[in-house]
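Report on the structure given below.
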Amino acid sequence: MAMSSILNADDIKKALDAFAAAESFDHKKFFDMLGLKSKSSDDVKKVFTALDADNSGFIEEEELKFVLKSFSKNARDLTDKETKAFIKAADMDGDGKIGIEEHLAENVR
């Protein structure tokens, strides 16, 4: 599923452009710029499913490295430092991965 079928294409471009430089990624600001908090929980779940490349029900560290590419194939990879900071911030239960409930808690008002 293309992210542009869930999120505004202009918002996606602006968010990707804002974090184009290595070590600049901030997951909260990124998802805010995408307008994810204004989306329904069903839409947030669709974004989660698109980010869960291996369909395991979790977004693991390896998938997070390529999270920006889920929004545009030409986007950069996250650095190891950015990936680890993202996992640390979003992994509420300490299992080393992000589940759907953690994703919803971060992105639904």
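- Comment: Asp42 does not engage Lys46 in a salt bridge, judged by the lack of any side-chain N to carboxylate O separation of less than 4.0 angstrom.
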- For Asp77 and Leu68, what are the C-alpha separation, side-chain angles and deciding distance, and is it a side-chain contact (heavy atoms from CB on, under 4.5 Å)? CA-CA 7 Å; Asp77 295 342; Leu68 298 180; over 6 Å; no

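- If you chain together hydrophobic residues whose side chains sit under 4.5 Å apart, Ile59 and Ile100 fall into the same group.
- When atom types are taken as modelled, the side chain of Asp52 and the backbone of Gly57 share a donor-acceptor pair closer than 3.5 angstrom.
- Using a distance-only test at 3.5 Å, with no hydrogens or angles considered, a donor-acceptor pair links the side chain of Glu63 to the main chain of Ala53.
- Taking the side chain to side chain donor-acceptor pair (under 3.5 Å) definition, one finds that Glu82 meets it with Arg76, Thr79, sequence neighbours left out.
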- Stepwise side-chain contact (heavy atoms from CB on, under 4.5 Å) test for Lys84 and Glu61: CA-CA 7 Å; Lys84 289 184 185 314; Glu61 187 171 335; 2.9 Å; yes

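- Of all the heavy atoms in Leu7 and Leu34, the pair that sits closest is CD2-O, 3.8 Å.
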- Message: Working note: Lys13 + Asp17, criterion salt bridge (charged side-chain N to carboxylate O under 4.0 Å, His left out); need CA distance, chi angles, decisive distance, verdict.
- Response: CA-CA 6 Å; Lys13 181 173 179 0; Asp17 288 349; 2.8 Å; yes

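- Across every non-hydrogen atom of Ser70 and Ala50, the tightest pair is OG-O, 4.4 Å.
- Put simply, Ile12 and Phe66 are part of two different groups of oily side chains (I, L, V, M, F, W, Y) that touch within less than 4.5 Å, one to the next.
- Closest non-hydrogen pair, Met92 versus Glu102, comes out as N-OE2, 2.8 Å.
- Taking Lys28 as the reference, nothing meets the side chain to side chain donor-acceptor pair (under 3.5 Å) condition, with sequence neighbours excluded.
- The OG1 atom of Thr49 lies 9.0 Å from the NZ atom of Lys45; values are rounded to the nearest 0.5 Å.
- With hydrogens and angles disregarded, a donor-acceptor distance shorter than 3.5 Å links the side chain of Lys39 to the backbone of Ile6.
- Considering only heavy atoms from C-beta on, Met33 stays 4.5 Å or farther from Asp11 through its side chain.
- In summary, the side chains of Asp54 and Ser56 do present a donor paired with an acceptor at a separation below 3.5 Å, with no hydrogens or angles considered.
- In terms of heavy atoms, His103 sits closest to Ile98 at N-CG2, 4.0 Å.
- Considering all non-hydrogen atoms of both residues, Gly35 and Ser38 come closest at O-OG, 2.7 Å.
- The aromatic ring centroids of Phe86 and Phe30 lie 6.0 Å or more from each other.
- We find the NE2-CG distance between His27 and Leu36 to be 11.0 Å, quoted to the nearest 0.5 Å.
- Of the inter-residue distances, the one linking Leu78 atom CG with Leu64 atom CG reads 7.0 Å to the nearest 0.5 angstrom.
- Classification of Lys29 and Asp32 as a salt-bridged pair fails, no side-chain N sitting under 4.0 Å from a carboxylate O.
- With Asp91 contributing its side chain and Gly96 its backbone, the two residues share a donor-acceptor pair below 3.5 Å.
- The closest side-chain heavy-atom distance from Glu62 to Thr83 is not below 4.5 Å.
- Looking at residues two or more places apart in sequence or on another chain, you find no ring-ring contact (aromatic ring centres under 6.0 Å, His included) involving Phe58.
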